Amino acid sequence: AATCRLQVSYRCPAPITRLARHVLGTQAPGAAPQAGREGAPVGLYHFPDEAQAHLFIGEALRDLLEREPQASVAVIAQGPEQARAFHRMLADTSWARLVLEGDFSFEPGVDVTDVDNVKGLEFDYVVIPDATAQAYPSQDESRRRLHIAITRASHQLWLVSAGVRSPLLSGA
């Protein structure tokens with residue numbers, strides 16, 4: 001058996017592909033994959049506290065669904081507890097579904113989930129609500145998990161942090 005690395009990233013547009021490679025750091029393969037297309041810039045949003053970040057995400061998601069009601073959106077938290085906490089913040093909405101056991105409906109709307117549930121999937125929009133140093137410290141496992149979350153986006157990616165932003169995003 002031989003390892004074959006894809007030379008073209010067809011899922012993610014160029015800005016997301018570049019960020020994903022940056023996050024992998026020294027774990028990135030030697031040659032950078034070519035992006036299949038250009039795309040919207042990655043949204044990096046930082047807030048002084050979690051309440052402001054959550055308010056921003058809730059309003060941005062509401063806005064997005066009004067503009068693109070057929071979009072598939074994933075809010076991908078670092079772990080299940082963070083996903084539950086974020087979903088509680090959106091509990092008064094009819095469009096946010098908590099998905100922690102892989103039971104995706106693949107219908108338009110917002111799925112709030114965690115990294116372990118999204119491997120191999122893709123969504124039009126991805127929001128990472130906890131792009132913080134606490135959730136994604138400068139460790140190899142954190143690099144891998146953040147890379148997985150980032151590369152689920154086929155159209156646009158938003159990274160949101162409150163407090164201290166993940167060091168994996170420095171220089172991005």
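As the structure is a computational prediction, the values presented were derived from the model and not from experiment.
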S.K.: Looking at every heavy atom in both V160 and A53, which two are closest together, and how far apart are they?
M.R.: CG1-CB, 3.7 Å

S.K.: Do you know which two heavy atoms are closest between G58 and W95, and how far apart they sit?
M.R.: O-CH2, 4.2 Å

S.K.: Can you tell me how far the CD atom of Q134 sits from the OG atom of S142, to the nearest 0.5 Å?
M.R.: 11.0 Å

S.K.: Using atom types as modelled and distance alone, determine if a side-chain donor or acceptor of Q82 lies under 3.5 Å from a backbone N or O of G79.
M.R.: yes

S.K.: Output yes when a side-chain donor or acceptor of H147 lies under 3.5 Å from a complementary backbone atom of V23, and no otherwise.
M.R.: no

S.K.: So R145 and D116, do their side chains get closer than 4.5 Å, heavy atoms only?
M.R.: yes

S.K.: So, the side chain of D114 versus the backbone of A83: is there a donor-acceptor pair under 3.5 Å, distance only?
M.R.: no

S.K.: Using a 6.0 Å cut-off, check whether atom CD of E50 has over 12 heavy atoms from anything other than its own residue.
M.R.: no

S.K.: Look at the rings of F56 and Y45 and say which category their plane angle falls in: under 30° parallel, 30 to 60° tilted, over 60° perpendicular.
M.R.: tilted

S.K.: Check whether T132 reaches the backbone of A162 with its side chain - one donor and one acceptor, N or O, closer than 3.5 Å.
M.R.: no

S.K.: Do I57 and L90 have side chains that get closer than 4.5 Å, going by heavy atoms?
M.R.: no

S.K.: In Å and rounded to the nearest 0.5 Å, what is the CG to CG distance from L98 to D111?
M.R.: 9.5 Å

S.K.: What is the distance from atom CD of Q78 to atom CG of L146, rounded to the nearest 0.5 Å?
M.R.: 9.5 Å

S.K.: Parallel under 30°, tilted from 30 to 60°, perpendicular over 60°: which one fits the rings of F104 and F123?
M.R.: tilted

S.K.: For the backbone of Y136 and the side chain of S166, can you confirm whether one donor and one acceptor N or O come within less than 3.5 Å of each other?
M.R.: yes

S.K.: Could you check if a side-chain atom of I16 sits within less than 4.5 angstrom of a side-chain atom of I150, using non-hydrogen atoms only?
M.R.: yes

S.K.: So which atom in A149 and which in V115 form the shortest heavy-atom distance, rounded to 0.1 Å?
M.R.: CB-CG2, 4.2 Å

S.K.: Just by modelled atom types, is the G102 backbone N or O under 3.5 Å from a matching donor or acceptor in the N117 side chain?
M.R.: yes

S.K.: Of all the heavy-atom pairs spanning T151 and A20, show the shortest one and how long it is.
M.R.: CG2-CB, 3.6 Å

S.K.: Hey, does I148 have a side-chain heavy atom less than 4.5 Å from the side chain of I76?
M.R.: no

S.K.: Would L169 and W158 show up in the same hydrophobic cluster when neighbours are defined by side-chain heavy atoms closer than 4.5 Å?
M.R.: no

S.K.: Is there a side-chain contact between T93 and L61, using heavy atoms and a 4.5 Å cut-off?
M.R.: no

S.K.: So do R165 and L159 actually touch side chain to side chain, heavy atoms under 4.5 Å?
M.R.: no

S.K.: List the steps and the verdict of side-chain contact (heavy atoms from CB on, under 4.5 Å) for V127 and V110.
M.R.: CA-CA 10 Å; V127 178; V110 176; over 6 Å; no

S.K.: Over all heavy atoms of both residues, which pair between S170 and H22 is shortest? Give the atoms and the distance, please.
M.R.: O-NE2, 2.8 Å

S.K.: Verify, without hydrogens or angle tests, whether H155 (side chain) and G39 (backbone) share a donor-acceptor contact under 3.5 angstrom.
M.R.: no

S.K.: Does C12 offer a backbone N or O that forms a donor-acceptor pair with the side chain of T17 under 3.5 Å?
M.R.: yes

S.K.: Considering only Ile, Leu, Val, Met, Phe, Trp and Tyr, and joining two whenever side-chain heavy atoms are under 4.5 Å apart, list the other residues clustered with V164.
M.R.: none

S.K.: Under 4.5 Å between any side-chain heavy atoms of F86 and D130, yes or no?
M.R.: no

S.K.: Hydrophobic clusters here meaning ILVMFWY residues chained together by side-chain heavy-atom distances under 4.5 Å, can you tell me if L100 and M89 are in one?
M.R.: yes

S.K.: Given Y125, which of R152, E68, Q156 fulfils the side chain to side chain donor-acceptor pair (under 3.5 Å) condition?
M.R.: E68

S.K.: Are F47 and H54 side-chain neighbours, meaning at least one heavy-atom pair lies under 4.5 Å?
M.R.: no

S.K.: On a heavy-atom basis, which atom in P167 and which in P137 lie closest, and how many Å separate them?
M.R.: CG-C, 4.2 Å

S.K.: Would a hydrophobic clustering, with Ile, Leu, Val, Met, Phe, Trp and Tyr connected at side-chain separations under 4.5 Å, put L44 with I128?
M.R.: yes

S.K.: In terms of hydrophobic clustering (I, L, V, M, F, W, Y; side-chain heavy atoms under 4.5 Å; direct or indirect links), are F106 and V126 co-clustered?
M.R.: yes

S.K.: Among all residues two or more places apart in sequence or in another chain, which pass the salt bridge (charged side-chain N to carboxylate O under 4.0 Å, His left out) test with E141?
M.R.: R144

